[in-house]
Structure formats: C-alpha cells, structure tokens
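Sequential numbering from 1 along the given sequence is applied to the chain's residues. Computation of the quantities below employed the complete heavy-atom set of this structure, encompassing side-chain atoms and omitting hydrogens, waters and symmetry-equivalent molecules.
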Amino acid sequence: MPVVAAAIVGSVARGDFNVWSDIDVVVITEELPERAVEREGLLLDPAALGVQPVGYTRVEFDRALAKGDRIAREAVTAGVPLVGAAFFAERRSLTSSA
C-alpha cells in the first residue's frame with residue numbers, strides 16, 4: 001500500500017498528550033478497501049498498541065476537508081507530517097480560520 005501522505009494529529013501533535021493518549025495518524029493512500037472493517041484490518045497493526053490510524057484516499061480526504069471534517073482539517077492545519085508534507089501544505093488554503 002503506497003502511502004501518499006501521513007500525519008500525526010490530536011493530542012500528540014498538539015503536545016498535550018498524557019499516559020492514556022493514543023497516537024492518531026491520518027494516512028492518505030490510493031489503495032484502501034471500501035468496507036470499514038477491511039480498512040481497519042489493513043491499517044491497524046496489532047504490534048503498534050496505542051496507534052489509531054484513520055485512512056483516506058486523496059478524493060475522500062479532499063471531500064472530508066471541504067465538509068469541514070475535524071480530523072482532515074487538523075491534519076492540514078496542525079498535523080505533524082510524517083510523509084508527504086507537501087500534500088498537506090497544498091491544502092492549507094482550502095481551510096479557513098473559522
């Protein structure tokens with residue numbers, strides 16, 4: 001599964017995490033199954049306890065961003081890019097300060 005972009009979001013990205021926090025990671029790829037249960041099986045690694053991936057295709061991410069989805073918006077405005085920083089930077093103009 002080639003990853004287009006990935007970013008840490010949530011409390012870890014903001015720096016206000018605690019011992020109970022998970023690590024939220026937004027993953028953008030073109031190869032995701034349609035069904036949620038299959039996506040979860042592909043994205044979740046049982047060995048990576050505490051990591052909570054959220055997967056989108058490019059089209060899904062752009063749609064979510066246009067609708068004001070909190071996670072997509074946070075990935076663009078405050079996420080810590082792991083891969084594909086330009087992908088998120090290119091979309092910053094699509095978010096408003098509201």
Side-chain angles (χ1 to χ4, degrees):
M1 170 179 70
V3 174
V4 173
I8 296 173
V9 297
S11 63
V12 172
R14 290 189 306 270
D16 60 3
F17 58 93
N18 63 49
V19 69
W20 305 111
S21 297
D22 60 0
I23 302 169
D24 301 299
V25 181
V26 171
V27 178
I28 315 298
T29 180
E30 292 306 332
E31 299 178 13
L32 283 176
E34 288 291 319
R35 296 182 53 210
V37 70
E38 292 170 356
R39 280 185 185 209
E40 186 175 293
L42 181 65
L43 293 171
L44 280 177
D45 181 349
L49 294 175
V51 175
Q52 183 61 50
V54 179
Y56 298 92
T57 65
R58 282 184 220 235
V59 170
E60 291 169 345
F61 185 83
D62 288 343
R63 241 184 247 141
L65 191 58
K67 290 180 181 179
D69 177 82
R70 182 189 59 80
I71 294 174
R73 184 178 172 82
E74 190 172 337
V76 169
T77 61
V80 177
L82 301 171
V83 176
F87 175 88
F88 297 112
E90 290 166 359
R91 286 155 176 80
R92 278 194 197 108
S93 64
L94 302 176
T95 63
S96 64
S97 58

Engineer: If you take all heavy atoms of Val54 and Leu43, which pair is closest and at what distance?
Structural biologist: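 Val54 and Leu43 have their closest heavy atoms at C-CD1, 4.4 Å.
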
Engineer: Side chain to side chain contact (heavy atoms under 4.5 Å, CB included), that's the test. Do Leu32 and Leu42 meet it? Break it down for me.
Structural biologist: CA-CA 8 Å; Leu32 283 176; Leu42 181 65; 4.1 Å; yes

Engineer: Can you tell me how far apart CG (Leu65) and CZ (Arg73) are? Round to the nearest 0.5 Å.
Structural biologist: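 Nearest 0.5 Å value for the CG-CZ distance: 8.0 Å.
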
Engineer: Of all residues at least two apart in sequence or in a different chain, which pass the salt bridge (charged side-chain N to carboxylate O under 4.0 Å, His left out) check with Glu31?
Structural biologist: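 With neighbours one apart ignored, the set is empty.
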
Engineer: Under the side chain to side chain contact (heavy atoms under 4.5 Å, CB included) rule, collect the residues that match up with Glu38, sequence neighbours excluded.
Structural biologist: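 Scan of Glu38 (side chain to side chain contact (heavy atoms under 4.5 Å, CB included), adjacent residues dropped) gives Pro33, Arg35.
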
Engineer: Write out all pairs satisfying salt bridge (charged side-chain N to carboxylate O under 4.0 Å, His left out) with one or both partners inside residues 11-23, taking only residues at least two apart or from two chains.
Structural biologist: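 Non-adjacent pairs meeting salt bridge (charged side-chain N to carboxylate O under 4.0 Å, His left out): Arg14-Asp16, Arg14-Glu74.
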
Engineer: Can you list, by chain and residue number, the hydrophobic cluster partners of Val59 when the side-chain cut-off is 4.5 Å?
Structural biologist: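 Taking Ile, Leu, Val, Met, Phe, Trp and Tyr as members, Val59 stands alone, with no cluster partners.
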
Engineer: Side-chain contact, heavy-atom cut-off 4.5 Å: Ile23 with Ile8?
Structural biologist: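 Yes, close enough: below the 4.5 Å cut-off.
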
Engineer: Who clusters with Trp20? Use side-chain heavy atoms, under 4.5 angstrom, across I, L, V, M, F, W and Y, and order the result by chain and number.
Structural biologist: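 Same cluster as Trp20: Val19.
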
Engineer: Do Phe17 and Val51 belong together in a cluster built from hydrophobic side chains that touch within less than 4.5 Å?
Structural biologist: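 In one cluster: yes.
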
Engineer: Write down the atom of Ala78, the atom of Ala13, and the distance for their closest heavy-atom approach.
Structural biologist: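 Of all heavy-atom pairs spanning Ala78 and Ala13, the closest is O-CB, 4.0 Å.
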
Engineer: Quick one: does Arg92's side chain have a donor or acceptor within less than 3.5 Å of a partner on Val76's backbone?
Structural biologist: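 Such a contact is found between Arg92 side chain and Val76 backbone.
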
Engineer: List the residues meeting side chain to side chain contact (heavy atoms under 4.5 Å, CB included) with Val26, not counting sequence neighbours, and say none if there are none.
Structural biologist: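 For Val26, the residues satisfying side chain to side chain contact (heavy atoms under 4.5 Å, CB included) (neighbours in sequence not counted) are Val9, Ile28, Tyr56, Phe61, Ile71, Ala75.
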
Engineer: How far does OG1 of Thr29 sit from CZ of Arg58, to the nearest 0.5 angstrom?
Structural biologist: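 Those atoms lie 9.0 Å apart.
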
Engineer: Could you list the donor-acceptor pairs under 3.5 angstrom formed by side chains in residues 82-91, with sequence neighbours left out?
Structural biologist:
residue, atom, partner, partner atom, Å
Arg91, NE, Asp62, OD1, 2.6
Arg91, NH1, Phe87, O, 2.9
Arg91, NH2, Asp62, OD2, 3.4

